[in-house]
Protein chains: 4
Amino acid sequence: MAKKSIALKNQKRNMIIEAAVHVFAEKGFFNANVHDVAQRAGIADGTIYVYFKSKDDLLISLFEQKMDGILDRFSKKLRTLSDPLDKLRTFISTYYQMIKEDKHLAEVFQVELRQSSKFLKDYHNQKFLDFLDMIASILQQGQQENFFRPELNIDIAKIMIFGAIDEVARQWILGAETKFSLEEACQQTSESLISGILNS
Amino acid sequence: MAKKSIALKNQKRNMIIEAAVHVFAEKGFFNANVHDVAQRAGIADGTIYVYFKSKDDLLISLFEQKMDGILDRFSKKLRTLSDPLDKLRTFISTYYQMIKEDKHLAEVFQVELRQSSKFLKDYHNQKFLDFLDMIASILQQGQQENFFRPELNIDIAKIMIFGAIDEVARQWILGAETKFSLEEACQQTSESLISGILNS
Amino acid sequence: MAKKSIALKNQKRNMIIEAAVHVFAEKGFFNANVHDVAQRAGIADGTIYVYFKSKDDLLISLFEQKMDGILDRFSKKLRTLSDPLDKLRTFISTYYQMIKEDKHLAEVFQVELRQSSKFLKDYHNQKFLDFLDMIASILQQGQQENFFRPELNIDIAKIMIFGAIDEVARQWILGAETKFSLEEACQQTSESLISGILNS
Amino acid sequence: MAKKSIALKNQKRNMIIEAAVHVFAEKGFFNANVHDVAQRAGIADGTIYVYFKSKDDLLISLFEQKMDGILDRFSKKLRTLSDPLDKLRTFISTYYQMIKEDKHLAEVFQVELRQSSKFLKDYHNQKFLDFLDMIASILQQGQQENFFRPELNIDIAKIMIFGAIDEVARQWILGAETKFSLEEACQQTSESLISGILNS
DNA sequence: GATGAATGAGCCTTCATTCAT
DNA sequence: AATGAATGAAGGCTCATTCAT
């Protein structure tokens with residue numbers, strides 16, 4: 001019974017998070033009301049506070065929970081591969097796939113996550129750093145195995161790669177000026193990041 | 001007299017924008033009060049509204065004005081160059097230089113500009129698109145002159161390049177996990193974007 | 001439970017309206033703060049907005065609700081009568097009685113209601129027109145039954161009669177220069193409106 | 001030169017008052033800005049304060065000045081007449097004529113003047129009482145000369161008569177529900193007030 | 001006298017959060 | 001656990017008034 005109760009509790013908690021993803025994506029964290037989230041979740045405003053300490057806590061919890069899922073997903077995908085180039089290509093394609101599957105979540109992550117450090121005091125976004133380190137691991141392995149240039153600064157490269165694919169994804173989501181498909185974006189960014197843009 | 005009056009008005013307007021850059025960078029647009037901006041500018045709250053229609057208008061005006069300066073700066077820098085590779089390297093180094101010179105402005109741009117489309121109804125950020133098109137121009141010229149790969153999709157590449165350098169800049173500003181100098185970042189991203197990360 | 005809840009809600013709504021009547025009567029709508037009304041009602045400022053959309057809405061709701069009561073009261077009083085002269089005299093005496101019983105409400109109505117058309121966009125004061133039409137009905141019946149002059153323009157007369165008794169009531173409330181009782185006012189205005197001021 | 005200067009000063013003062021009449025009539029005293037008035041007068045905001053102590057003072061001055069003109073006008077019209085009935089009919093027709101000639105002024109008087117006692121502390125509207133007393137004088141003379149009923153309470157009747165014609169005028173101005181001309185209104189109210197509505 | 005930029009007090013309204021039911 | 005009415009602090013914005021020019 002206790003187990004079931006916990007499961008139910010988590011279920012409602014997830015419902016709220018799912019509602020928050022939608023509402024925050026649509027209006028942005030600051031323009032969205034707790035009431036909006038509650039309404040979308042089909043519950044009363046006060047109920048939010050049974051599961052979360054505050055509006056900020058809801059956002060952070062959303063990050064953490066979703067990030068766990070994402071880290072898990074990437075981890076599983078990469079585990080089966082051994083070639084660093086395969087890994088990098090898979091990482092990139094998985095990223096775009098994820099964006100495609102859940103635009104709302106992507107919007108919340110890209111926009112709100114960026115400023116989390118500023119408005120959420122004392123929140124150190126460890127999970128995001130873990131995510132970046134997945135790229136770093138691939139690069140490190142690739143460097144050790146002589147795939148990637150030895151003079152590559154991995155701390156910079158991991159950020160650069162993330163920034164590149166993330167910005168392309170954002171512009172695709174925004175839809176403005178988008179004259180490309182995600183598939184093409186995936187192929188193009190992979191190729192350019194790996195081989196550069198030079199015609200050699 | 002009229003000239004002087006207009007100059008004075010612009011001077012105060014700029015003072016407010018400068019104050020807003022600092023305050024928005026520190027607290028974020030939503031957490032910052034109009035009072036905070038006024039205080040930093042050394043004026044009364046109401047004076048803000050002599051120069052700007054609303055808090056939103058202040059942010060947009062800040063974007064537009066600063067973007068004009070930035071576009072001008074890049075335009076001048078690139079004008080003297082003819083080699084596409086030189087142009088791209090200069091573009092990237094100028095970007096990092098700009099970030100270094102005015103961290104506050106960079107923060108406002110990177111964080112608040114991103115979500116502008118969401119919370120500022122009917123604001124189409126044309127100036128940002130113009131900025132991206134400066135990269136596109138370089139790429140196009142380079143492609144025509146056979147420097148860059150013919151199969152490169154410029155609409156994607158311009159975004160990718162911007163995303164790459166911008167994210168590296170952001171992480172450098174945030175300071176967290178930053179184990180690199182901007183000079184190194186410049187050299188590394190230029191090299192990787194141009195020649196790729198492959199060890200060939 | 002639902003019934004009780006609705007009853008309680010209406011009770012509090014009425015409390016606020018009652019407070020608003022007092023405060024608006026004392027200070028006038030524009031000089032009165034929402035805070036004043038809340039304080040008089042013994043609630044927090046924000047609670048006003050649980051029951052009313054805005055300060056304007058509070059005033060309009062006050063009109064509508066009170067007008068409903070007034071229309072009902074007059075309607076009941078007149079229903080039992082058949083003679084048009086009796087009806088008119090009763091209408092007038094009821095008006096003065098009402099004024100006497102609730103000076104505050106009278107002040108709000110006489111002063112604020114007048115300008116409602118100007119400051120409350122899109123508010124068409126239908127209830128007031130209904131009130132005037134109660135006089136019109138009496139006049140019409142009286143005209144048909146040959147009590148009142150056939151050449152009487154009822155659309156003008158109804159307004160004239162209302163204006164006459166309302167202005168006397170207002171001056172009585174203002175107290176300035178008032179050298180008469182409401183009873184006398186009732187008797188005098190009834191007589192003058194019905195028989196004129198001529199000594200015939 | 002001093003005289004001329006005073007004349008010029010009065011001219012500008014009048015310009016402001018005229019602008020205020022329009023603006024207050026359109027928007028109501030509270031919804032109208034000093035800026036609106038200044039703009040309509042074609043002067044700077046601050047100039048208002050060269051001629052008037054405050055926004056309230058502007059309204060009061062407007063009343064006083066316009067009332068002087070009105071009292072003068074009525075006084076001149078009535079001076080030539082000797083018959084109390086003629087006087088009363090002339091009073092009423094002059095009132096409607098005045099309304100017709102300057103709707104804006106009429107609106108300001110009818111709406112704003114009413115509440116003056118409430119929002120303008122310590123303002124005793126003596127001129128309005130003088131106006132009412134012009135009616136009282138007519139009634140008194142008529143009563144002494146046996147034209148009007150001896151039991152008529154003049155303090156009540158003067159208010160009643162004013163209220164009657166003023167309300168008809170207001171409804172005519174508002175235009176809503178107005179199915180009559182001012183000429184008809186004049187004839188009807190005169191007749192009804194003098195002879196009553198009874199069919200005798 | 002005329003100006004209009006600057007002021008800052010004040011107000012309506014929102015909304016995250018609480019708590020009695 | 002769930003509710004949603006109530007709270008009250010906080011904030012954007014207005015505008016009558018002032019004053020240096």
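- To the nearest angstrom, P of F/dG4 lies 9 Å from CG of A/Asp45.
- E/dG8 and F/dC15 make up a base pair, with Watson-Crick or G-U wobble contacts both under 3.5 Å.
- Within the nucleic acid shown, C/Ala32 comes within 4.0 Å of sugar-phosphate atoms alone, with no base atom in reach, counting heavy atoms only.
- The distance between atom NE2 of A/His35 and atom P of E/dT13, rounded to the nearest whole Å, is 18 Å.
- In the set F/dA1, E/dT13, F/dG12, E/dT13 carries the atom at the smallest distance from any side-chain atom of C/Lys55.
- Between B/Gln11 atom CD and E/dA6 atom P there is a gap of 11 Å when expressed in whole angstrom units.
- Put simply, CD1 on C/Ile48 is 13 Å from P on E/dT14, counting in whole angstrom units.
- Across E/dT3, E/dA16, E/dG1, the shortest atom-to-atom separation from the side chain of D/Tyr51 is found for E/dG1.
- Classified by interplanar angle (parallel below 30°, tilted 30° to 60°, perpendicular above 60°), the ring pair C/Phe63/C/Phe109 is perpendicular.
- Here the nucleotide nearest the side chain of C/Val34, chosen from F/dA6, E/dT17, E/dT13, is E/dT13.
- To the nearest angstrom, C1' of E/dC15 lies 12 Å from CZ of A/Phe29.
- Using a 30° and 60° split on the angle between ring planes, B/His22 and B/His104 fall in the tilted class, from 30° to 60°.
- The CG-C1' distance, from B/Leu59 to F/dG12, rounds to 15 Å in whole Å.
- For D/Lys12, whose side chain is taken as the heavy atoms from C-beta onward, the closest listed nucleotide among F/dT3, E/dT13, E/dA2 is E/dA2.
- When side chains are defined from C-beta on, D/Met15 does not count as touching D/Arg40, because their heavy atoms never get closer than 4.5 Å.
- The side chain of D/Tyr49 places no N or O atom within less than 4.0 Å of a non-bridging phosphate oxygen (OP1 or OP2) of E/dG1.
- Within the shown strands, F/dA2 is the pairing partner of E/dT21 under the Watson-Crick or G-U definition, both distances less than 3.5 Å.
- Between the P atom of E/dG10 and the CG atom of C/Asp36 lies a distance of 13 Å, rounded to the nearest Å.
- Between C/Thr47 and B/Ile43, the one whose closest nucleotide on DNA chain E sits nearer the 5' end is B/Ile43.
- What separates CG of C/Leu58 from P of E/dC11 is a distance of 16 Å, to the nearest Å.
- Two residues are said to be in side-chain contact when any heavy atoms from C-beta on lie closer than 4.5 Å; D/Phe24 and D/Glu107 fail this criterion.
- Ranking E/dA6, F/dG4, E/dT13 by closeness to the A/Ala44 side chain, first place goes to F/dG4.
- If you check E/dC15, E/dG1, E/dC12 against the side chain of D/Val50, the one that comes closest is E/dG1.
- The phosphate of F/dA16 has neither OP1 nor OP2 within less than 4.0 Å of any side-chain N or O from D/Ser54.
- Side-chain atoms of D/Lys55 come within 3.5 Å of backbone atoms of D/Ala32 as a donor-acceptor pair (strictly under, hydrogens ignored).
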